[in-house]
Each structure stands twice: as structure tokens, then as C-alpha cells.
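Written out below as C-alpha cells is the structure these notes cover.
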Amino acid sequence: MATIYFKIFQGDCIMIRDRSLLFEGGEMGVLLIHGLGGTPTEMKSTGRRLSETGATVLCCQLAGHCGTEADLASTRWTDWYVSAEAALSQLEARCSTIIVGGLSMGAVLAARLAAQHSQSVHGLVMLAPTLWYDGWSTPWYRFLLQLFIQTPIGRRWRFMEQEPYGIKDERTRTIIANAMFGDDSSEAGLPATPGSSVLELSRLIKTVKKDLHRIRQRTLIVHAREDDMADLSNAFYLQRHLGGLVEALVLDDSYHLVTIDRQRKLVTERCAGFVETFIGDDARRQDYQMGRRYVA
């Protein structure tokens with residue numbers, strides 16, 4: 001069972017309770033990062049499954065999230081990254097091998113951790129990585145978004161969530177929509193994203209794209225062919241520009257939120273298999289260090 005740690009972030013708006021989830025395990029550590037406007041809950045089932053491999057799994061909460069739109073708008077991408085770094089430090093204190101992963105924007109933050117902390121991060125998981133919004137449900141005039149969000153009006157704009165909300169499964173979509181448009185953003189995230197936060201995401205992406213060639217850790221990319229928010233071209237771009245070995249899983253029955261949509265079990269199983277290969281590598285290293293000969 002997960003242990004939930006409660007902390008208090010005090011910013012310019014209100015105090016936000018931390019909804020981070022920690023699944024206790026061994027010296028293999030996995031950090032999972034949610035998306036923009038999302039919550040640790042969207043990583044919960046993946047975290048629980050990965051903990052069954054024996055890993056210690058932390059689903060962290062980013063600064064400004066699980067509160068109001070004003071809370072999110074008051075933060076910058078550097079604040080989100082500091083949150084991810086703090087979570088990485090928590091795992092470093094207890095784990096010898098660490099994999100970082102994330103969903104959508106969380107995947108981009110995970111990539112930056114891999115680039116900036118190459119000695120601490122041994123593997124990378126990118127779930128529906130979003131470098132640009134070009135999925136089938138995005139409007140035809142999306143190419144104007146970058147210009148719009150840099151204007152005063154654009155920074156104050158609220159981008160409302162629209163159907164299908166990144167979810168192909170209709171039953172799950174209804175549940176998430178009801179929660180999202182309720183009063184508690186800690187479960188399903190916010191129903192709208194501030195324009196200033198979208199601008200911060202674009203700045204984060206621009207920074208990370210410059211460092212992709214430096215990421216030499218083994219990487220797993222999971223992306224849906226029918227992703228409604230970020231086209232499969234995002235995954236292709238990463239395959240071409242990451243500096244290390246890249247594995248890819250293309251889903252045929254999901255939209256953007258691959259950790260909660262129809263093929264979530266397939267996603268968690270593939271992620272678990274990826275983690276288990278590192279556990280095997282760690283065991284071989286220990287055998288070598290102890291002077292034992294490892295027989296495959």
C-alpha cells in the first residue's frame with residue numbers, strides 16, 4: 001500500500017496539501033511525474049504496478065498543482081523542475097539505481113532530470129511525451145498558439161479542457177470529467193490551464209530540446225497512435241534526437257492519457273518489464289563487485 005506524505009507548499013496564493021504518493025520498496029527507485037495541470041493520481045496505477053517489481057516508487061506533486069488556477073499561474077517551469085529535483089533527491093537518499101518517468105509534460109521534466117543528473121538517473125520513461133500540441137483534436141490554427149500566449153491577452157487566457165479530455169474509453173472519460181469539473185482539483189486536475197502556464201511549458205520544451213543529444217540513458221517511449229493532443233510525430237522526433245538506446249511502444253486503442261485509458265494495463269506491464277531489466281543489471285553489478293561470476 002502507498003504511504004501518502006503530506007507537506008505544505010506556501011506560495012503567493014494559498015497553501016496546497018501535497019498529494020505525492022510513495023510506494024515503499026527496495027534500492028531500485030522510480031520517480032513518476034504527472035502532466036501540466038494534472039495530479040499524482042494519474043500516475044497511481046502505474047506506480048502501484050512498478051512497486052510490485054520490488055522498486056521504491058515516488059509519484060511526486062509539482063509546485064502549484066492540486067490547487068487553483070491561480071496557484072498554477074503563480075509558478076514557472078523552473079518551480080516545477082525544482083519539485084522534480086526534490087523528489088529525485090528523496091529517492092537518491094534511499095536508492096542506488098533510479099529511473100525517472102513522466103506523462104505528457106512530466107515526460108519532458110523527466111528528460112531534463114536525465115540530462116542534468118546523468119550520474120543519478122539510470123533510465124528514462126516517457127509516456128505520451130509532448131513537445132508540441134498537434135494531436136487530431138487540436139484546432140487547425142494551433143500554429144498561432146506560440147504567438148498568442150506571448151501576448152498580454154494570451155498569458156491571461158484560460159484554455160478550457162475539451163472532449164475527449166485525452167481519454168478514449170467513454171466510461172473513464174465520464175468519471176474523469178465529473179471529477180475535473182468538480183470542486184477538488186487534487187483528483188483529476190484542473191478544467192482549464194492558464195495561458196501563462198502554457199507559455200512556461202513552451203519555455204521548458206525549448207530548453208529540453210537543446211539537451212536531448214546529451215540524454216544517453218536507456219529510454220522507453222510509450223505513445224498512442226491516436227493521441228488527441230500530441231501526435232505520434234512527438235515520439236518519432238525523440239527517437240531521432242535522444243542520444244542513447246530508445247525502445248518504443250505504439251498503442252492502438254488509447255488517446256493521450258495512456259496511464260488511465262483503455263490500454264493502461266499494457267502500459268504498466270511494459271513499464272514494469274523495463275524496470276525489471278534494470279533490477280537485473282543491478283544484481284549483475286553487485287555480483288561483479290562481490291567477486292562472484294554471474295551466469296545468465
Side-chain angles (χ1 to χ4, degrees), residues 9 20 29-40 42-43 46-47 57-65 72 75-93 95 97-133 146 149 193 196-223 229-230 234-248 256 258-259 271 274-275 278:
F9 291 99
S20 297
V30 181
L31 173 61
L32 297 177
I33 309 170
H34 62 77
L36 178 61
T39 79
E42 62 195 28
M43 311 303 296
T46 304
V57 183
L58 176 58
C59 305
C60 70
Q61 177 177 319
L62 300 176
H65 289 72
L72 180 56
T75 58
R76 301 292 178 260
W77 77 261
T78 49
D79 300 315
W80 309 334
Y81 182 64
V82 167
S83 301
E85 278 192 315
L88 176 62
S89 295
Q90 289 185 48
L91 286 180
E92 285 182 294
C95 300
T97 302
I98 298 175
I99 296 173
V100 297
L103 173 66
S104 192
M105 180 195 74
V108 182
L109 284 171
R112 179 161 175 82
L113 285 176
Q116 297 293 314
H117 298 272
S118 58
Q119 298 302 309
S120 302
V121 175
H122 302 88
L124 174 62
V125 176
M126 305 187 77
L127 306 174
T130 303
L131 300 178
W132 46 80
Y133 288 104
Q146 286 297 319
I149 60 176
T193 303
S196 59
S197 299
V198 177
L199 178 59
E200 288 301 314
L201 172 58
S202 70
R203 290 168 174 166
L204 166 64
I205 291 170
K206 183 177 181 180
T207 299
V208 171
K209 285 173 70 175
K210 295 177 182 178
D211 287 337
L212 289 177
H213 68 283
R214 297 175 49 200
I215 301 174
R216 302 189 178 279
Q217 296 92 330
R218 197 188 327 163
T219 300
L220 170 64
I221 299 175
V222 178
H223 211 103
M229 298 182 184
N234 286 262
F236 295 156
Y237 182 92
L238 289 166
Q239 280 186 308
R240 290 194 299 269
H241 291 86
L242 286 168
L245 180 66
V246 179
E247 304 173 29
H256 187 64
V258 298
T259 58
C271 291
F274 185 74
V275 170
F278 283 84

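For clarity, every value in this text was computed on a predicted model and none was experimentally measured.
One finds the CH2 atom of W80 at 6.0 Å from the CG atom of L72 (value rounded to the nearest 0.5 Å). Rounded to the nearest 0.5 Å, atoms CZ (R218) and CZ (F274) are 5.5 Å apart. Between atom CG of residue N234 and atom CD of residue Q239 there is a gap of 11.5 Å, rounded to the nearest 0.5 Å. Atom-to-atom distance recorded for K209:NZ and L131:CG is 6.5 Å, nearest 0.5 angstrom. Rounded to the nearest 0.5 angstrom, L127 CG and T46 OG1 are separated by 6.5 Å.
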- Starting from the C-alpha separation in whole Å, work towards a yes-or-no answer on side-chain hydrogen bond (donor to acceptor under 3.5 Å, both in side chains) for E92 and S120. CA-CA 7 Å; E92 285 182 294; S120 302; 2.4 Å; yes
- Item | Step-by-step ring pair (Phe, Tyr, Trp, His ring centres under 6.0 Å) determination, H34 to H65 | CA-CA 10 Å; H34 62 77; H65 289 72; 4.9 Å; yes
- Given the rule in the side-chain contact (heavy atoms from CB on, under 4.5 Å) test, do Y237 and L212 qualify, once you have shown the distances and angles that lead to the verdict? CA-CA 10 Å; Y237 182 92; L212 289 177; 3.7 Å; yes
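Counting all heavy atoms, side chain and backbone alike, I33 lies closest to A84 at CD1-CB, 4.0 Å. Contact detail for F278 and G123: the closest heavy-atom pair is CZ-CA, 3.7 Å. When all heavy atoms are compared, the tightest approach of I221 to P129 is CG2-CG, 4.1 Å. The two residues L91 and G29 have their closest heavy-atom pair at CD1-C, 4.3 Å. For I215 against A115, the heavy-atom pair with the smallest separation is CG1-CB, 3.8 Å.
Contact annotation: the side chain of E200 never approaches that of T78 to less than 4.5 Å [non-hydrogen atoms, C-beta and beyond]. In this structure the side chain of M126 never reaches within 4.5 angstrom of the side chain of V222, judged on heavy atoms. Contact of the E85 side chain with the L113 side chain is registered, since non-hydrogen atoms from C-beta on lie closer than 4.5 Å. Residues S202 and L199 form a side-chain contact, since some pair of their non-hydrogen atoms from C-beta on lies under 4.5 Å apart. At a threshold of 4.5 Å between non-hydrogen side-chain atoms, the residues V246 and L238 do not count as touching. Between L32 and C60 there is no side-chain heavy-atom pair separated by less than 4.5 Å. A heavy-atom distance below 4.5 Å is not found between the side chains of L58 and V30.
Although no hydrogens or angles enter the test, the distance criterion places no donor-acceptor pair under 3.5 Å between the side chain of E247 and the main chain of T219. Side chain of S83 to main chain of A63: a donor-acceptor pair is present (N/O by atom type, distance under 3.5 Å, no hydrogens or angles). Using modelled atom types, no side-chain atom of S118 and backbone atom of A114 make a donor-acceptor pair closer than 3.5 Å. When atom types are taken as modelled, the side chain of Q217 and the backbone of V121 share a donor-acceptor pair closer than 3.5 angstrom.
Inspection of the Q61 and S20 side chains reveals no N or O donor paired with an N or O acceptor under 3.5 Å.
The ring-ring contact (aromatic ring centres under 6.0 Å, His included) test applied to H117 returns no partner, not counting sequence neighbours. Every residue two or more places apart in sequence or in another chain that forms a side chain to side chain contact (heavy atoms under 4.5 Å, CB included) with R112 is listed here: W77, Y81, Q116, L204, T207, V208, D211.
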Donor-acceptor pairs are to be reported for all side-chain atoms of residues 98-109 against protein atoms at under 3.5 Å, with residues two or more places apart or in another chain.
{"residue": "S104", "atom": "OG", "partner": "T130", "partner atom": "OG1", "Å": "3.1"}
{"residue": "S104", "atom": "OG", "partner": "H256", "partner atom": "NE2", "Å": "2.9"}

